[in-house]
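Hydrogens, waters and symmetry mates are skipped; everything else that's a heavy atom, side chains included, is used. If you read the sequence from its start, that first residue is 1, and numbering goes on from there. Just follow the structure's listing: the first ligand is 1, and inside any ligand the first atom is 1.
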Amino acid sequence: MSKRAFNFNPGPAVLPLPALERARDEFMDFAGTGMSVLETSHRSKDYEAVHNEAKALIAELLGLTPDYHVVFVGGGASLQFAMVPMNLLGAGKSADYVITGSWSKLAIKEAKILGAPKVAATSEPDGFTYIPTKLTLDPNATYVHITTNNTIYGTQYHAFPDTGSVPIVADMSSDIMWRPIDVKPFGLIYAGAQKNMGPAGVTVVIIRDDLLKKCKEGLPTMLSYATHVEKESLYNTCPVFPIYMVRNVLAWVKEQGGLAAMEKHNRKKGDLLYGALDADPDFFRGPVRKDSRSFMNVVFRLPNEDLEAAFISEAKKLGMVGLKGHRSVGGIRASMYNALPFEAVQTLVNFMQDFRKRH
Ligand SMILES: *Cc1c(COP(=O)(O)O)cnc(C)c1O
């Protein structure tokens, strides 16, 4: 087999090799059907088994109680920015948004089209370098929206806010499944698959029954959560192949020991890389406050942009790809999702130390 890159891409991102190999092995003949899963009806028995297994793995790995519904929706996490307020906001209702980066801003932008959301806190004046903990919350809000991991700015919640009886709605696109969580405070969780669960093309939405019951009626059919729950994500042709890949990836996560094993693996990688930044903070400049550091996306700057460009191109020659920071912020970003092997981070840190000696 050809050599695999050390893939630090922010998304679409690295997938576990066994999940890809399984897809390869089953590609031309899925479940003995003589067809690829790409050629199979979304209403066939063979596909149905995959659909249900993917759903069951999500519920099992996250420890969901039976009052949570898991659905697969197209349109990316970006569609959820609109579907959440479309279903839950409106006349006489309010929602609180915690603004921690570009994705939160896009989420509240959609909510403003559909209602009157409030900003509970924002770290924008400080360049989104931390997760705010002092929130101004409306006890009558329908939900509090947070972005659990800020893919561009490299911040992450390590404790979730206490919102009392108001459910949290969370965009977990870039850190779902990175560690075990207590789902109780969450009324709705959504995540595009292409960071930590699979390829682009499907978004996982988890909605608790009490919140589902509060959803507006009379919405266009495809934009109503009730449709997707009632029809078990099969109202129309679902994204069969992305869901199949999510199944492969999550079967791998389970085999590794579930989310507890993922957390151990992710902390080991994060500790190694942040340790390297902290050992030489004048050269490797991490802007993020220590208590808000992301274990999924590690961002840092070098003393100047020429050094950053040299760093990225030399790293590429050594097989490390995807290290360029988001175009809106520049610098370096190492994305280290569940599927990124420890060896990739070790290679990066060795390279960083070598690069430092030469500059
Ligand atoms: C990538 C990302 C998105 C956008 O996802 P799409 O599926 O491209 O719409 C939203 N939120 C977060 C936190 C992300 O990382």
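- Distance from atom 11 (N) of ligand 1 to its nearest protein heavy atom, with residue and atom name: D171 OD2, 2.6 Å.
- When V299, I131, T148 are each tested for a side chain to side chain contact (heavy atoms under 4.5 Å, CB included) with T155, only one passes: I131.
- When only interatomic distances are considered, the shortest N/O to N/O separation between A77 and ligand 1 falls below 3.5 Å.
- Here the protein heavy atom with the shortest distance to atom 8 (O) of ligand 1 is Q194 NE2, 3.4 Å.
- In this structure, the ring of H359 has its center no less than 6.0 angstrom from the ring center of F283.
- Between F241 and Y244, the two ring planes are parallel [angle under 30°; tilted spans 30° to 60°].
- Of all atoms in ligand 1, numbered sequentially from 1 with element shown, those under 4.0 Å from a heavy atom of F81 are 10 (C).
- The nearest protein atom to atom 15 (O) of ligand 1, hydrogens excluded, is given as T151 OG1, 2.5 Å; this is a heavy-atom distance.
- Annotation: T147 places no N or O atom under 3.5 Å from an N or O atom of ligand 1; distance criterion only.
- Using a non-hydrogen distance threshold of 4.0 Å, M172 does not register as a contact of ligand 1.
- Here is the list of ligand 1 atoms found below 4.0 Å of a heavy atom in N149: 13 (C).
- Not a single donor-acceptor pair under 3.5 Å links the side chain of D67 to the backbone N or O of R208.
- Residue contacts with ligand 1, taken as heavy atom pairs separated by less than 4.0 Å, do not involve Y190 at all.
- Taking the six-membered ring for Trp and thresholds of 30 and 60 degrees, F300 and F284 have ring planes more than 60 degrees apart, a perpendicular arrangement.
- No donor-acceptor contact under 3.5 angstrom links the side chains of T221 and T227, judged on distance only.
- For ligand 1 and S174, the ligand atoms under 4.0 Å from any heavy atom of the residue are 13 (C), 15 (O).
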Could you walk me through whether Y68 and D209 pass the side chain to side chain donor-acceptor pair (under 3.5 Å) check?
CA-CA 6 Å; Y68 286 92; D209 210 50; over 6 Å; no

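- For H145 and Y97, the ring centers are positioned less than 6.0 Å apart.
- When only non-hydrogen protein atoms are considered, atom 9 (O) of ligand 1 lies nearest to S78 OG, 2.6 Å.
- In the model, D46 has no side-chain atom that pairs as donor or acceptor with a side-chain atom of S44 under 3.5 Å.
- Listed by number with element, the atoms of ligand 1 under 4.0 angstrom from any heavy atom of G76 are 7 (O), 9 (O).
- What sits closest to atom 2 (C) of ligand 1 on the protein, heavy atoms only, is K195 NZ, 2.5 Å.
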